[in-house]
S.K.: 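Would you mind keeping the following structure in view while I ask a few things?
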Amino acid sequence: MTKEFRSVQGFNDILSPEIAKFQHIESVARRCFGLFNFREVRTPVLEQAGLFERSIGTSTDIVEKEMYTFEDKGGERLSLRPEGTAPVARTYIEHNIDKQDALQRWFYIGPMFRHERPQRGRLRQFHQAGVEIFGTDDPFADVETILLADTIISSLAVRDVTARLNSIGCPVCRPAYLKELRSYLGSVRERLCEDCRKRADTNPMRVLDCKKEGCLEATASAPRTTDHLCNDCSGHLSGLRSGLDALKIPYTIDTRLVRGLDYYSRTVFEFAPARDTRAQNAIVAGGRYDYLVELLGGPHTPAIGFAMGIERMAALIDTPVQRGPAVFFVPLSSESRVKAVRLAGVLRHTGRTCEIGYGEKTIKSMLRRADRLGADLVIIIGEEELRDGFVTLKRMSDGTQERVNDADLPDAVGRMKS
RNA sequence: GUGGGUGUAGCUCAAUGGUAGAGCAUUGGACUGUGGCUCCAAGGGCUGAGGGUUCGAACCCCUUCACCCACCCCA
């Protein structure tokens with residue numbers, strides 16, 4: 001069949017039963033955010049293109065070729081947000097949050113957009129849940145951010161996920177490090193892949209992140225960020241590590257871990273399935289961005305956060321069982337349907353989920369439907385029930401059924417269900 | 001952006017140039033107001049689309065579209 005309309009490439013419909021995973025992940029995430037006392041912030045999906053260009057960095061792939069950027073009718077250059085941090089930082093600045101209380105703990109959940117070739121774990125519209133802590137450079141904020149990510153992952157019963165961690169320094173120590181790294185990379189240049197030769201000039205730290213064997217070997221003895229941190233950065237890192245150790249949160253230091261976004265400083269981290277060697281396997285990633293708010297025109301505001309990929313998390317969990325309705329009504333005439341609607345209203349008032357069968361279908365087909373939906377109880381209303389003011393209440397699990405007077409229905413439903 | 005793979009019923013897949021099929025699902029019946037189990041039956045397809053070769057194409061060729069996977073990169 002040729003369908004006239006289909007969803008746009010990389011923009012997927014999410015429907016039952018897959019939707020149950022999303023609902024579960026989001027509700028677990030919300031609960032954890034709430035328990036850590038983070039407040040929700042909802043920002044628009046559209047922002048000025050410049051916000052991302054400046055924050056993420058113009059030489060990153062995201063900005064260079066993956067943004068949905070267009071001119072609207074007013075001639076403004078707008079972008080669908082490719083990530084959540086920059087918009088939230090913009091919000092922090094725009095509403096002068098620091099004037100009230102510079103320390104803020106925020107979370108967001110929503111769709112993000114990147115124009116890439118879709119594949120496993122990568123879509124053009126995807127969903128992230130993330131947090132940001134603004135207004136402190138206390139390493140304990142880093143600890144708590146990582147703890148929160150770890151809490152969500154374990155609350156979702158996802159196993160064998162490991163955390164990798166690194167510090168990429170700050171404007172004080174990074175220039176000297178980069179100088180050293182550049183000269184090292186120059187010395188092994190001919191052993192690097194073509195991409196990495198370019199990166200060696202434009203974004204040398206990314207060379208460390210290359211997965212190609214030749215590059216891995218060539219950079220095996222490259223200078224490490226962690227050996228070139230200034231006193232403050234190194235103190236920050238050890239504060240973070242001792243916090244994680246004290247809480248017994250497992251992690252490994254990975255000096256090759258740099259992140260793809262320009263705004264990170266000091267702490268960067270990533271959670272990924274231990275066994276999965278595929279490239280796009282990070283389910284949570286984040287880091288510190290102490291200079292982003294400033295870069296966007298706000299006051300100096302150290303901050304840290306992470307983003308979790310909801311689709312990627314969904315790939316790691318089982319589909320939760322979706323409960324059927326507590327009660328499915330089987331009215332055998334239009335008069336009895338009126339009664340069914342009335343009784344369903346009473347039951348819904350007591351918190352029972354009810355669905356009423358439609359149409360001229362036979363009792364058999366309606367019962368089949370009730371069975372398929374997984375209804376606990378069925379209420380049959382025919383001629384006799386209508387005339388004498390009762391209903392036939394049937395328990396699907398064992399088929400037992402009884403006559404129940406209309407007025408006794410809520411009690412009888414409670415009794416039969418248990 | 002580059003490379004590979006796949007498109008046949010709602011779903012998962014057969015059919016290798018000669019009448020398009022199965023399982024599951026759906027609907028109905030056996031069972032006239034009673035679901036699941038079993039049995040019986042039915043509906044459902046321009047074989048992604050367009051063109052070509054051939055007496056004849058799901059199958060071969062060309063074009064195109066879509067999806068999947070990988071690279072790149074990222075959540």
Side-chain angles (χ1 to χ4, degrees), chain A residues 1-12 25 56 59-67 81-85 108-130 149 193-196 198-199 203 206 209-212 258-261 269-272 277-287 305-316 324 328 330-333 336 357 361-386 391-401:
Chain A
M1 199 195 316
T2 307
K3 276 115 180 166
E4 191 179 358
F5 296 111
R6 46 176 71 239
S7 73
V8 173
Q9 182 181 37
F11 288 66
N12 288 180
I25 291 165
I56 297 168
S59 68
T60 59
D61 280 6
I62 293 180
V63 168
E64 242 174 34
K65 47 193 187 190
E66 296 175 2
M67 280 219 292
R81 62 182 183 197
E83 57 102 39
T85 298
Y108 60 85
I109 299 178
M112 306 295 162
F113 307 86
R114 292 182 198 172
H115 190 101
E116 309 174 85
R117 279 287 277 273
Q119 62 179 276
R120 171 194 285 278
R122 207 182 61 187
L123 292 164
R124 290 184 173 178
Q125 173 174 329
F126 59 102
H127 298 80
Q128 289 186 334
C193 70
E194 199 179 325
D195 287 335
C196 281
K198 275 180 222 152
R199 288 189 193 117
N203 199 343
R206 295 213 55 77
D209 202 29
C210 185
K211 319 262 177 329
K212 290 201 175 70
V258 300
R259 312 268 23 264
L261 286 60
F269 62 92
E270 212 172 88
F271 286 76
T277 54
R278 276 191 296 261
Q280 60 277 1
N281 56 2
I283 51 174
V284 174
F306 71 71
M308 174 177 87
I310 294 180
E311 282 83 357
R312 289 186 183 181
M313 190 64 92
L316 300 180
F328 188 90
V330 177
L332 298 179
S333 67
S336 39
K361 290 180 183 164
T362 62
I363 183 169
K364 186 196 288 274
S365 70
M366 277 197 265
L367 278 170
R368 254 206 296 271
R369 181 170 164 77
D371 185 49
R372 203 186 313 144
L373 291 173
D376 298 314
L377 302 175
V378 160
I379 289 174
I380 300 165
I381 306 172
E383 292 292 306
E384 209 185 328
E385 285 88 344
L386 203 56
V391 298
T392 297
L393 182 59
K394 177 188 177 89
R395 180 158 54 202
M396 294 298 275
S397 59
D398 59 4
T400 58
Q401 58 184 56

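The chains referred to below are lettered A, B, ... by the order of the sequence lines, with proteins before strands, and numbering in each begins at 1.
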S.K.: Side chain of A:Ala285: nearest nucleotide among B:rC71, B:rA75, B:rG35?
M.R.: B:rA75
S.K.: At under 4.0 Å between heavy atoms, what does A:Lys394 touch on the DNA or RNA strands: base, sugar-phosphate, or nothing?
M.R.: base
S.K.: Which of the following nucleotides, B:rU27, B:rC71, B:rU34, is nearest to the side chain of A:Arg122?
M.R.: B:rC71
S.K.: For A:Ser59, enumerate each residue passing the side-chain hydrogen bond (donor to acceptor under 3.5 Å, both in side chains) test, keeping only those at least two apart in sequence or located in another chain.
M.R.: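 side-chain hydrogen bond (donor to acceptor under 3.5 Å, both in side chains) list for A:Ser59, sorted by chain: empty.
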S.K.: Have a look at A:Thr60 and say if it touches a base, only the backbone sugar-phosphate, or nothing, with a 4.0 Å heavy-atom cut-off.
M.R.: nothing
S.K.: Can you name the closest pair of heavy atoms from A:Asp398 and A:Thr400 and give their distance?
M.R.: OD1-OG1, 3.0 Å
S.K.: Heavy-atom count around A:Glu383 CD within 6.0 Å, excluding the residue itself: above 12?
M.R.: no
S.K.: Heavy atoms only, 4.0 Å cut-off, all strands: where does A:Glu194 land among base, sugar-phosphate and nothing?
M.R.: nothing
S.K.: Hey, is the side chain of A:Gln119 poking within less than 4.0 Å of OP1 or OP2 on B:rA70, counting only N and O atoms?
M.R.: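 A:Gln119 to B:rA70 OP1/OP2: side-chain N or O found under 4.0 Å.
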S.K.: Answer yes or no: is there a side-chain heavy-atom contact under 4.5 Å between A:Lys364 and A:Leu367?
M.R.: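 No, every pair of side-chain atoms sits at 4.5 Å or beyond.
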S.K.: Does A:Ile310 reach a base, just sugar-phosphate, or nothing at all? Heavy atoms under 4.0 Å.
M.R.: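 Nothing, no heavy atom under 4.0 Å.
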S.K.: As a test of reading the structure: which of B:rG36, B:rG33, B:rC72 is closest to the side chain of A:Asp371, going by heavy atoms?
M.R.: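 Looking only at heavy atoms from C-beta outward on A:Asp371, the closest nucleotide is B:rG36.
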S.K.: Between A:Glu270 and A:Glu384, which residue's closest nucleotide on RNA chain B lies nearer the 5′ terminus?
M.R.: A:Glu384
S.K.: Tell me which nucleotide, if any, is Watson-Crick or G-U wobble paired with B:rC60 when both distances must be under 3.5 Å.
M.R.: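 With both distances under 3.5 Å, B:rC60 matches B:rG52.
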S.K.: By the 4.0 Å heavy-atom rule, please label A:Ser397 as base, sugar-phosphate, or nothing.
M.R.: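 Base contact - A:Ser397 has a heavy atom under 4.0 Å of at least one base atom.
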S.K.: Mind checking the C1' distance from B:rA42 to B:rA57? Whole angstroms is fine.
M.R.: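 Their C1' atoms lie roughly 30 Å apart.
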S.K.: Does any N or O donor sit under 3.5 Å from an N or O acceptor when you compare the side chain of A:Glu116 with the base of B:rG1?
M.R.: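 Checked by distance alone, the answer is no.
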S.K.: Applying the Watson-Crick and G-U wobble criteria at under 3.5 Å, what pairs with B:rA14? Answer none if nothing qualifies.
M.R.: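 B:rA14 is paired with nothing.
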S.K.: Tell me: CG of A:Leu367 to C1' of B:rC31, nearest whole Å?
M.R.: 13 Å
S.K.: Can you identify which nucleotide, out of B:rA70, B:rA75, B:rU34, has its nearest atom closest to the A:Ile380 side chain?
M.R.: B:rU34
S.K.: For B:rG44 versus B:rG33, give the span between their P atoms, rounded off to a whole number of Å.
M.R.: 26 Å
S.K.: Between A:Gly399 and A:Met308, just flag the one whose closest nucleotide in RNA chain B comes earlier from the 5' side.
M.R.: A:Gly399
S.K.: Applying salt bridge (Lys or Arg N to Asp or Glu O under 4.0 Å) to A:Asp209 and A:Arg206, what does each step give before you reach the verdict?
M.R.: CA-CA 5 Å; A:Asp209 202 29; A:Arg206 295 213 55 77; 3.3 Å; yes
S.K.: Could you check which nucleotide pairs with B:rU8 in any of the strands shown, counting Watson-Crick or G-U wobble with both distances under 3.5 Å?
M.R.: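 For B:rU8, the partner nucleotide comes out as none, under the 3.5 Å rule.
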S.K.: Can you tell me the pairing partner of B:rG1 across any strand shown, Watson-Crick or G-U wobble, with both distances under 3.5 angstrom?
M.R.: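 The answer is B:rC71, by the H-bond criterion.
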S.K.: Between B:rC67 and B:rC11, how far is it from one P atom to the other, in whole Å?
M.R.: 15 Å
S.K.: Using the C1' atom as the reference point in each nucleotide, state the distance between B:rU47 and B:rC65 in Å, no decimals.
M.R.: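 The same atom, C1', in both gives a distance of 16 Å.
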S.K.: What's the separation between atom CD in A:Glu311 and atom CD1 in A:Ile25, rounded to the nearest 0.5 Å?
M.R.: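 So the gap between those two atoms works out to 8.5 Å.
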S.K.: What is the distance, to the nearest angstrom, from the CE atom on A:Met112 to the P atom on B:rA75?
M.R.: 11 Å
S.K.: A:Leu123 near the nucleic acid: base, sugar-phosphate alone, or nothing, with a heavy-atom cut-off under 4.0 Å?
M.R.: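 The answer is base, as A:Leu123 lies within the cut-off (heavy atoms under 4.0 Å) of a base atom.
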S.K.: Out of B:rG35, B:rC67, B:rC72, which has the shortest distance to the side chain of A:Gln9?
M.R.: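 Minimum distance to the A:Gln9 side chain belongs to B:rC67.
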S.K.: Below 3.5 Å, does any donor atom in the side chain of A:Lys364 face an acceptor in the base of B:rU34, or the other way round?
M.R.: no
S.K.: Ignoring hydrogens and angles, are the base of B:rG28 and the side chain of A:Arg368 linked by a donor-acceptor pair under 3.5 Å?
M.R.: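 For A:Arg368, whose side chain was compared with the base of B:rG28, there is no donor-acceptor pair (under 3.5 Å).
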S.K.: So does A:Arg372 get a side-chain nitrogen or oxygen closer than 4.0 Å to the phosphate oxygens (OP1/OP2) of B:rU27?
M.R.: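 Looking at the OP1 and OP2 atoms of B:rU27, one of them is under 4.0 Å from a side-chain N or O of A:Arg372.
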S.K.: State which of B:rU27, B:rU34, B:rA75 makes the closest approach to the side chain of A:Arg259.
M.R.: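 Closest of the options to the side chain of A:Arg259: B:rA75.
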S.K.: Write down the distance separating the P atoms in B:rU53 and B:rU16, rounded off to the nearest Å.
M.R.: 25 Å
S.K.: Round to a whole Å and report the spacing from NZ of A:Lys212 to C1' of B:rC71.
M.R.: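 The answer, rounded to whole Å, is 8 Å.
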S.K.: Without decimals, in angstroms, what is the distance between A:Leu332 CG and B:rU34 P?
M.R.: 10 Å
S.K.: For a 4.5 angstrom cut-off between non-hydrogen side-chain atoms, does A:His127 reach A:Ile109?
M.R.: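 Sidechains of A:Ile109 and A:His127: no contact.
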S.K.: What interatomic distance, in whole Å, is found between P of B:rU26 and the corresponding atom of B:rG10?
M.R.: 15 Å
S.K.: Should B:rA25 form a Watson-Crick or G-U wobble pair with both distances under 3.5 Å, which nucleotide is its partner?
M.R.: none
S.K.: Please give, in whole Å, the distance from B:rA66 P to A:Asn12 CG?
M.R.: 14 Å
S.K.: When you compare B:rG43 with B:rC24, how far apart are their C1' atoms, in angstrom units rounded to a whole number?
M.R.: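 Result for the C1' pair: 16 Å, nearest Å.
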S.K.: Could you tell me the separation between the CG atom of A:Asp209 and the P atom of B:rA75, rounded to a whole number of Å?
M.R.: 11 Å
S.K.: Taking CD from A:Glu66 and C1' from B:rC71, how many angstroms apart are they, rounded to a whole number?
M.R.: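 The distance from CD of A:Glu66 to C1' of B:rC71 comes to 13 Å, rounded to the nearest Å.
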S.K.: Closest to the A:Arg117 side chain: B:rG35, B:rU2, B:rG28?
M.R.: B:rU2
S.K.: Which pair of heavy atoms, one from A:Met112 and one from A:Gln128, lies closest together, and at what distance?
M.R.: CG-OE1, 3.6 Å
S.K.: Considering Watson-Crick and G-U wobble pairs with both distances under 3.5 Å, what does B:rG44 pair with?
M.R.: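 Per the H-bond distance test, none.
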S.K.: If you check every side-chain atom of A:Ile363, which of B:rC72, B:rA75, B:rG33 has the closest atom?
M.R.: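 When the side chain of A:Ile363 is considered, B:rG33 is the closest of B:rC72, B:rA75, B:rG33.
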S.K.: If you check every side-chain atom of A:Gln128, which of B:rG35, B:rG33, B:rA75 has the closest atom?
M.R.: B:rA75
S.K.: To the nearest Å, how far apart are A:Gln401 CD and B:rG35 P?
M.R.: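 Distance, rounded to whole Å: 10 Å.
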S.K.: Please determine whether a side-chain nitrogen or oxygen atom of A:Arg6 lies at a distance below 4.0 Å from atom OP1 or OP2 of B:rC65.
M.R.: no
S.K.: If you define the side chain from C-beta out and look only at heavy atoms, does anything of A:Val330 sit under 4.5 Å from A:Thr392?
M.R.: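 In short, these two side chains do not touch, never coming nearer than 4.5 Å.
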S.K.: Both distances under 3.5 Å, Watson-Crick or G-U wobble: report the partner of B:rA30, or none.
M.R.: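 Answer to the pairing question: B:rU38, which forms a Watson-Crick or G-U pair with B:rA30.
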S.K.: Please give the distance between the P atoms of B:rG4 and B:rC40 as a whole number of Å.
M.R.: 49 Å
